[in-house]
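Each remark here refers to the structure printed beneath this line.
Note that ligands are numbered from 1 as they come in the structure, with each ligand's atoms numbered from 1 the same way.
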Amino acid sequence: MKNLHIWGRLNSINVQKVLWLCEDLKIPFERTDAGMQFGVNKTQSYLQLNPNGLVPVIKDNELVLWESHAILRYLSKKHDVTDILYPKSSHQSAKIDQWLDWYNTTAWPVMRPLFWGLIRTKPEERNLQELEKTRVQMSSILKILDYQLKSTPWVAGDHFTLADLPLALIAFRWFNLPIEREEYQHLSRWFKQIELRPGYRKYASAPLT
Ligand SMILES: N[C@@H](CCC(=O)N[C@@H](CS)C(=O)NCC(=O)O)C(=O)O
């Protein structure tokens, strides 16, 4: 039996973050499908692990942990011997935290309705006007990321870090939704590098569902 167990379905963006990191860091794990069509996440035993009834949740020996970014930080601190993904130095991790918070407060709240509206809503139930407004808003958010990537090769500086990973999952959705896209040169350059990462290839590049 592996020490690390992950609950969550493969097409959840928050689960994908954790699976991708495990692949990049070669952390062995077992996984149980949970969420949406798999159910599980509203059962009493699951709610004892995560009272929010959301995926992912992990159990690593005795530690139970939910919130995908907390899980990313925990696994990086424990397994990343290079100390690059989420450096122990508070000075170096500050920018990574900035972008992880920006993902949660700014980027995902806009990408989420765009993704749900175009992928998980029947065509006849889509509000196309509203979706176009959201697309324009998402584009202006990605312009901020593009501007950052003009001055640094990766989101938080010279290396791939935890700052890149969740934002790359948003970028994947942006590049794969059936929408018009403004040309963001630096974002595209960065994303080509993202596409080479093993965790992205294995867990984050399947067609959107
Ligand atoms: N802030 C949480 C959000 C977790 C979340 O919203 N998970 C979604 C999937 S991406 C979920 O569990 N949805 C219910 C379901 O799949 O049934 C995190 O980052 O882990």
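Shown are Ile179, Leu169, Leu145; of these, the side chain to side chain contact (heavy atoms under 4.5 Å, CB included) with Trp174 is made only by Ile179. A ring pair (Phe, Tyr, Trp, His ring centres under 6.0 Å) with Phe160 is found for one member of Trp154, Trp190, Tyr86 and no other, namely Trp154.
Under the 4.0 Å criterion applied to side-chain N and carboxylate O atoms, Glu132 and Arg135 are assigned as salt-bridge partners.
Ring pair Trp102/Trp99 is perpendicular by interplanar angle, where above 60° counts as perpendicular and below 30° as parallel.
Listed by first and then second residue, the ring-ring contact (aromatic ring centres under 6.0 Å, His included) pairs that reach into residues 51-74 are His69-Tyr103, sequence neighbours excluded.
Annotation: Trp20 is in aromatic contact with Tyr200 [ring centroid separation under 6.0 Å].
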For ligand 1, run through the N/O pairs with the protein that fall under 3.5 Å and put one pair on each line.
| from | atom 1 | to | atom 2 | distance (Å) |
| --- | --- | --- | --- | --- |
| ligand 1 | 1 (N) | Glu67 | OE1 | 2.9 |
| ligand 1 | 1 (N) | Glu67 | OE2 | 3.2 |
| ligand 1 | 7 (N) | Val55 | O | 2.8 |
| ligand 1 | 12 (O) | Val55 | N | 2.8 |
| ligand 1 | 16 (O) | Arg9 | NE | 2.9 |
| ligand 1 | 16 (O) | Arg9 | NH2 | 2.8 |
| ligand 1 | 16 (O) | Met36 | N | 3.4 |
| ligand 1 | 17 (O) | Met36 | N | 2.7 |
| ligand 1 | 17 (O) | Asn41 | ND2 | 3.2 |
| ligand 1 | 19 (O) | Asn14 | OD1 | 3.3 |
| ligand 1 | 19 (O) | Ser68 | N | 3.3 |
| ligand 1 | 19 (O) | Ser68 | OG | 2.6 |
| ligand 1 | 20 (O) | Ser68 | N | 2.9 |

